[in-house]
There are 2 protein chains.
Amino acid sequence: MAEVRKRKPRADAQKNRELLLEAAKEILGRGGPNASLDAVARRAGVGIGTLYRHFPTREELFMAVFSRELDQLIVTAEDLVERDDPLEAIRSWLHANVDLVETKRGMLGAMSLVVTEDLKQGYTERSSLLRAAVDRLLDKGRSIGEIREGVSAEDLMQTLYAICYARQPGPDWRENVLRILDIFVDGLKK
Amino acid sequence: MAEVRKRKPRADAQKNRELLLEAAKEILGRGGPNASLDAVARRAGVGIGTLYRHFPTREELFMAVFSRELDQLIVTAEDLVERDDPLEAIRSWLHANVDLVETKRGMLGAMSLVVTEDLKQGYTERSSLLRAAVDRLLDKGRSIGEIREGVSAEDLMQTLYAICYARQPGPDWRENVLRILDIFVDGLKK
DNA sequence: CAATATACGGAGGCATCCTCCGTTTTCAAG
DNA sequence: CTTGAAAACGGAGGATGCCTCCGTATATTG
């Protein structure tokens, strides 16, 4: 509608936002979804009030932090649609997720939180894109008749994060997660 | 070694322990694994110190609360070993878990916490029993050649709780969880 | 250089965690 | 029944985290 002429966003605000994202990436990456937001603010060197002004809820902060990661996953999924074998494409995509996640265990809870939260509410463009990309992967498999009906992108993603999250961290983490995921993928066959 | 003769455990201590377990069942059932322990003590009508004396860590409290639930699951698993179709037996056992869990959503995180925690450390008799029972289910399927190699009882249980936990609560919860689990079970086929 | 919209910081109120220790209760020996 | 020590109790208290509120500071614009 009538777009009101607005002032240019203040430089310091933008800088602080950046500092907060940086700090959050660090702190949340280590401490997981329950990490202290006070700590994030401290690390960023801003007041706690500033944090809450930029990101009124924990979720919004997560969301912002993960935008880039999500982008990467979208690109990966879109590339994989080209592949001939849809089931293997899905397997590859899941493996890519595991790789991405392996270095950021702490973010896992947050990831699944983001995925479910905003898929549920459906108002975030980025996650729609991700879901769409994954859905295309699934669709291709379904159309060939290689993948069973009744499995949504949400199902796939939630299961992925659930499995990653439930597994105890440790030297065998990656191996175990991949093993379980493979079973699940096999179950997707028609 | 030389078992020292000890005093009979005090009556009040035992009573308080019971009160605490009762309260914990209630509070944790609602509030989940992050529920306030202060609240548990309040509800039990004992001092917070008393709670911490009986259950020095959150995990130990969970553990105690879930003993009975675990017992029930053990019995169920043992019954199912008799069944002819191992894959369906496993499916049934998983469904039984879902049913048990459905009325106590809040306990989910705690459940998986217990399972992983003490399976990892392997010092709890009860969870060994549970794992053994589930393993027997799997073994039977493996021996018939119906179930693939390389899947442990831990795998099964952790995946179960992971899936239950990741799914958003809601009217479709049960349906969705069962759907995903079925895919996983199908993946277990050889 | 104002004027003002915008952003900042952090104190403060409340909740939770967990420890520590002075007080109370129970048990059992005499 | 006493009585004293072992066992258990309760909750204050210090630490940390959450989030709100508002007085202060500063960037932008005319």
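What you see is a predicted model, and the numbers here were worked out from it, not measured in a lab. Atoms considered below: every heavy atom in the structure, side chains included; atoms not considered: hydrogens, waters and symmetry mates. Convention: sequence-line order gives letters A, B, ...; per-chain numbering from 1.
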*Taking only the side-chain nitrogens and oxygens of B:S36, find out if one of them lies under 4.0 Å from OP1 or OP2 of C:dC17.*
yes

*Look at the side chain of A:R7 against the base of D:dA27 and say whether a donor-acceptor pair falls under 3.5 Å; ignore hydrogens and angles.*
yes

*asked:* Rounded to whole Å, please give me the gap between OH in A:Y52 and C1' in D:dC22.
replied: 17 Å

*Just to confirm, is there a sub-4.0 Å distance from OP1 or OP2 of D:dA8 to any side-chain nitrogen or oxygen of B:T50?*
no

*Might you confirm whether atom CD of B:E60 has over 12 heavy atoms from other residues, nucleotides or ligands at distances under 6.0 Å?*
yes

_What I want to find out is whether B:R91 reaches B:D85 closely enough, with some N-O distance under 4.0 Å, to be called a salt bridge._
no

*Counting just side-chain N and O atoms, does B:H54 come under 4.0 Å of either OP1 or OP2 of D:dA8?*
no

_Regarding B:A11, tell me which of base, sugar-phosphate or nothing describes its non-hydrogen contacts under 4.0 Å with the strands shown._
sugar-phosphate

*Could you pick out which residue, A:P56 or A:A39, lies toward the 5' side of DNA chain D when each is mapped onto its nearest nucleotide?*
A:A39

*Please state how far atom NZ in A:K15 lies from atom C1' in C:dT6, giving the value in whole angstrom units.*
15 Å

*Between atom CZ in A:R10 and atom C1' in C:dG9, what is the gap in whole Å?*
13 Å

*Got a salt bridge between B:R83 and B:E88, using NZ or NE/NH1/NH2 to carboxylate O under 4.0 Å?*
no

_Salt bridge A:R179-A:E175, side-chain N to carboxylate O under 4.0 Å_ = no

*asked:* Nearest whole Å is fine: how far is D:dC19 P from A:F55 CZ?
replied: 15 Å

*Taking OP1 and OP2 of C:dC17, is either one under 4.0 Å from a side-chain nitrogen or oxygen of B:R58?*
yes

*Member of B:N176, B:I180, B:L94, B:V98 meeting the side chain to side chain contact (heavy atoms under 4.5 Å, CB included) criterion with B:I163*: B:I180

_d(CZ, B:R42; C1', D:dC9) in whole Å_ = 18 Å

*Base, sugar-phosphate, or nothing for B:D12, non-hydrogen atoms under 4.0 angstrom?*
sugar-phosphate

_In this structure, how many angstroms lie between the P atom of D:dG14 and the CD1 atom of B:I48, rounded?_
18 Å

*asked:* Just N and O in the side chain of A:N16: are any of them under 4.0 Å from OP1 or OP2 of C:dC8?
replied: yes

*Return the value, rounded to whole Å, for the distance between atom CG of B:L51 and atom C1' of C:dC20.*
16 Å

*Nearest whole angstrom, please: distance from the P of D:dT16 to the CG of B:D38.*
17 Å

*Compare the minimum distances between each of D:dC18, C:dG9, C:dC17 and the side chain of B:L37, then state the nucleotide with the smallest one.*
C:dC17

